[in-house]
2 protein chains.
Amino acid sequence: MDLISFMKSYVDLTPEDEIYISQFLKVEQYGKGDIIRQPNTKSKIIHFIEQGYARNFYEKNGKDITYFFLKENTFTLPVDAVYFNDPTKYGLQAEEDLQLTSFMYSDFHRMIERVPGILHLYEIEMAKFIRQLSDKYYLIQFQPALERYNSMLEKYPDILLHVSLGHIASYLGITQETLSRIRTK
Amino acid sequence: MDLISFMKSYVDLTPEDEIYISQFLKVEQYGKGDIIRQPNTKSKIIHFIEQGYARNFYEKNGKDITYFFLKENTFTLPVDAVYFNDPTKYGLQAEEDLQLTSFMYSDFHRMIERVPGILHLYEIEMAKFIRQLSDKYYLIQFQPALERYNSMLEKYPDILLHVSLGHIASYLGITQETLSRIRTK
DNA sequence: GATATCTTTTGACCTGGATCAAAAAACGCT
DNA sequence: AGCGTTTTTTGATCCAGGTCAAAAGATATC
């Protein structure tokens, strides 16, 4: 779904609103494995994923670790950079061929000034993100590896179809080898 | 700091605005250990902590686990209940004598209608929360126990002064015994 | 200020999952 | 189809931190 249609499922937009908003948006295509945003940058760009899966990742002791998976119809932005002007440690990478709409956070606030309802949409999207982050946290705080994997199977079975097992392992806070052993059961 | 003063540090409020907002607010006092919200409820109340420290907690296999610490001048609300009408697993408890201001999420939106700037304040508070949650997540995804504790010492030394070690251990995703052993170094 | 309760520390033991290494399988690419 | 690259599996070893149990220290209560 494109961003304008997504917005229209929450708030009414006049044709003029659409034109106004569109001027700030840039539709982009990426291929599997492409880096959309490098880690440790201060980019203040918001991405809306229209098609395909992506992930946030960071590097720790030379290891690539997945922080979050992003599916279609979700927003992603580097909170550290946008709100606190600090570099984010999280990069953004396409897990498969990807189409997304990008826009500056500052322009986003112009859209909100014109169509205040968008801020409410944004509030709900932030709430969704917090919820997912909380669930994720709950998962790794005290659950053994098997339960982490089962819980993921149950909650996000779609992700398994779009990303490699190595990425899932680090997302779950376990090694690839452990994940492999768990899966043979 | 009381909530009205806190708001005024972000947005301008006329005396009439203050009166309007105040009608929705309830100031409450709690003693150390008091449960402010039980786990598994659908409460849609937002709390603003004016004085003292609190924590979110949940129960897992008969064990009490700390999910988050809350300090003065922060908001806390059960995201699952407020935004998705699901019960939250997280309860809210006073770590020490506490003063807080409570209000309904629905009334909060009335305040925003009257003073739209409050939504921007709220946006920033949500961003702060996401950031803390991300940091927390980073901490436990692959860090060994010692680094978790050191990182906490560095980032939130104040919390150590207000809560018991058992609560800190579960917050860090380790056992009390391990924390104790780490600290003797 | 003695007793009950809660919190923290110490000790002994054990296990889940990490690490290192290498084989096997899957996936491009020309 | 065949060859290089990446991903996944399998095997052997090891250790950080969990578990259980009990002592020692704090705190609160009458």
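Below, read A as the first sequence line, B as the second, and so on, with proteins coming before strands; counting in each chain starts at 1.
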Check your understanding: Which residues pass the ring-ring contact (aromatic ring centres under 6.0 Å, His included) test with B/Tyr90, sequence neighbours left out?
Key -> B/Tyr58, B/Tyr67
Exercise for review: May I ask you to decide if the ring planes of B/Phe68 and B/Tyr171 are parallel, tilted or perpendicular, using 30° and 60° as cut-offs?
Suggested key: perpendicular
Review point. Once you round it to whole Å, what is the distance between C1' of C/dA18 and CG of A/Leu179?
Key: 14 Å
Point to revise | B/Thr101-B/Glu50 side chain donor-acceptor pair, cut-off 3.5 Å | key: yes
Check your understanding: Within this structure, what is the CD-to-P distance between B/Glu95 and C/dC6, rounded to whole angstrom?
Key -> 16 Å
Check your understanding: Between B/Lys60 and A/Gln143, is any side-chain donor less than 3.5 angstrom from a side-chain acceptor?
Key -> yes
Point to revise | Under 4.0 Å protein heavy-atom contacts per nucleotide of nucleotides 17-30 of chain D, with B for base, S for backbone only and - for none | key: SSBB----------
Study note, to complete from the structure: So, with a heavy-atom separation below 4.0 Å from DNA chain C, the residues of residues 159-167 of chain A are none
Exercise for review: Grab the CD1-P distance between B/Ile140 and C/dG17 for me, whole Å please.
Suggested key: 14 Å
Check your understanding: A/Tyr122 vs A/Phe108 aromatic rings, parallel, tilted or perpendicular, using cut-offs 30° and 60°?
Key -> perpendicular
Exercise for review: Please write out which residues are connected to A/Leu161 in a hydrophobic cluster, directly or through intermediates, given that two of Ile, Leu, Val, Met, Phe, Trp, Tyr count as joined at side-chain heavy-atom separations below 4.5 angstrom.
Suggested key: none
Review point. Taking only residues two or more places apart in sequence, or in another chain, which ones meet A/Glu72 in a side-chain contact (heavy atoms from CB on, under 4.5 Å)?
Key: A/Gln51
**Study point:** Rounded distance in Å - CG (A/Asn61) to P (C/dA18)
**Key:** 14 Å
Check your understanding: Can you name the ring-ring contact (aromatic ring centres under 6.0 Å, His included) partners of A/Tyr30, sequence neighbours left out?
Key -> none
Exercise for review: Specify the separation, in whole Å, of atom CG of A/Asp64 and atom C1' of D/dT6.
Suggested key: 14 Å
